Amino acid sequence: MTLPLQAALLFSCAIFAIGVYGVLVRQNLIVILMCLELMLNAVNLAVVAVGRALLPQAATTAQANAAQVFVLIVLAVAAAEAAVGLSILLAVYRKWRTTNAGEIQLLKG
Amino acid sequence: MVSLQYLVLRAPFLAVIQVLVYAGAIMVLFLFVLMLLNLSADDLREDASRRRKVVAGLGCGALFALLATAVMRSGRVEELSGQAGLTADVPAAVAEAGELQAIAETLFQEHVLPFELTSFLILIAIVGAIYMTKARGRARAERSAEPARAAEGEAAAAPVLSQEGRT
């Protein structure tokens, strides 16, 4: 059974589109953050898929691993982003007593 | 699901890390915040209009169609995929790619600087997160102490109160 590169890329496109839909439609900040994570994962998946497709052309292991190391670092950045996003969410909730993005209309703290 | 896809793509280490980071760290973080917020069903009520859902759905469908046509029509992707696609045989020289030892060697020999920068970024994120939660807590404590002070000021003299209000 062969798996074309297009299939993997279409899968990550689908995940990305679902993430965008979630960000646009949902109003709960927690769900919006989750959908952001979803979009980030979709892009990671595409990077790894292309890295796998480039594998037959790689001369050294370092070249072959470049995509995966990149994704590893993006994962760490995603974890940091989630921590900061959630702490902002906590601060916003303490200030306005809501997690609804539609009700938060001031940038002023 | 993403983790399974990583396994398919010859990235066993990333598959494990994905589960560890997302199930172990990020989901726990989300659950902690949910617990701290203590939301009621009323807070979670969403009034997204039907029209908005339809428009967003159409927009995302269009986005997906755009990305999909870009992927399907791209000659470069076709060329990369080749005959065997993602199940093609790999040269013996890079057969180890994606396994823990190979990744560690690449990460600590070629990409040490990004790795160190990432650790610095995480440090900043930790400090930022603690500051965000701590500073707000202190402000709230001051605010709750203020009415008491204001009441004292009222009892003492009016000018003191106005001075307090200015600061």
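Per chain, numbering begins at 1; letters A, B, ... match sequence-line order. Keep in mind the model is a prediction, meaning the values are calculated, not measured.
With a 4.5 angstrom heavy-atom cutoff, B:A68 touches chain A via backbone and side-chain atoms both. For B:Y22, the part sitting under 4.5 Å from any heavy atom of chain A is the side chain, from C-beta outward, and nothing else. Contact annotation for A:A8: both backbone and side-chain heavy atoms come within less than 4.5 Å of a heavy atom of chain B. Neither the backbone nor the side chain of A:F70 comes within less than 4.5 Å of any heavy atom in chain B. For B:L63, the part sitting under 4.5 Å from any heavy atom of chain A is the side chain, from C-beta outward, and nothing else. Only the side chain of B:L36 comes within less than 4.5 Å of a heavy atom of chain A; its backbone N, CA, C and O stay farther away. Of the two parts of B:L14, only the side chain, counted from C-beta on, holds a non-hydrogen atom closer than 4.5 Å to a non-hydrogen atom of chain A. Within the 4.5 angstrom heavy-atom criterion, only side-chain atoms of A:V69, from C-beta onward, approach chain B. A:I18 does not touch chain B: none of its heavy atoms, backbone or side chain, sits under 4.5 Å away.
There is a path of hydrophobic side-chain contacts, each under 4.5 Å, that joins B:I17 to B:M27.
When each of A:L89, A:V31, A:N44 is scored by its heavy-atom pairs under 4.5 Å with chain B, the top score falls to A:N44. Options A:L10, A:V20, A:L45, A:V84 differ in how many heavy-atom pairs under 4.5 Å they form with chain B, and the most are formed by A:L45. Between chain B and the options A:C13, A:G51, A:A64, A:A42, heavy-atom pairs under 4.5 Å are most frequent for A:C13. Per-residue heavy-atom pair counts under 4.5 Å with chain A were compared for B:K53, B:E105, B:E110, and the maximum is reached by B:K53.
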>> Quick one, B:Y6 with B:V16, criterion side chain to side chain contact (heavy atoms under 4.5 Å, CB included). Give me CA distance, side-chain angles, the key distance, then yes/no.
In response: CA-CA 9 Å; B:Y6 280 143; B:V16 173; over 6 Å; no
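Taking every heavy atom of both residues into account, A:A83 and B:L29 meet most closely at CA-CD2, 3.7 Å.
Using a 4.5 Å heavy-atom cutoff, the side chains of A:L86 and B:F32 are not in contact.
Between the CD1 atom of B:I26 and the CD atom of A:E81 there is a distance of 7.5 Å, given to the nearest 0.5 Å. How far CZ of B:F30 is from CE of A:M34: 5.0 Å, rounded to the nearest 0.5 Å. The CD atom of B:E116 sits 13.0 Å away from atom CG of B:L121, with the distance rounded to the nearest 0.5 Å. Distance CG/A:N65 to CD1/B:I103: 5.0 Å, rounded to 0.5 Å.
More than 12 heavy atoms of other shown residues, nucleotides or ligands fall within 6.0 angstrom of atom CZ in B:F13.
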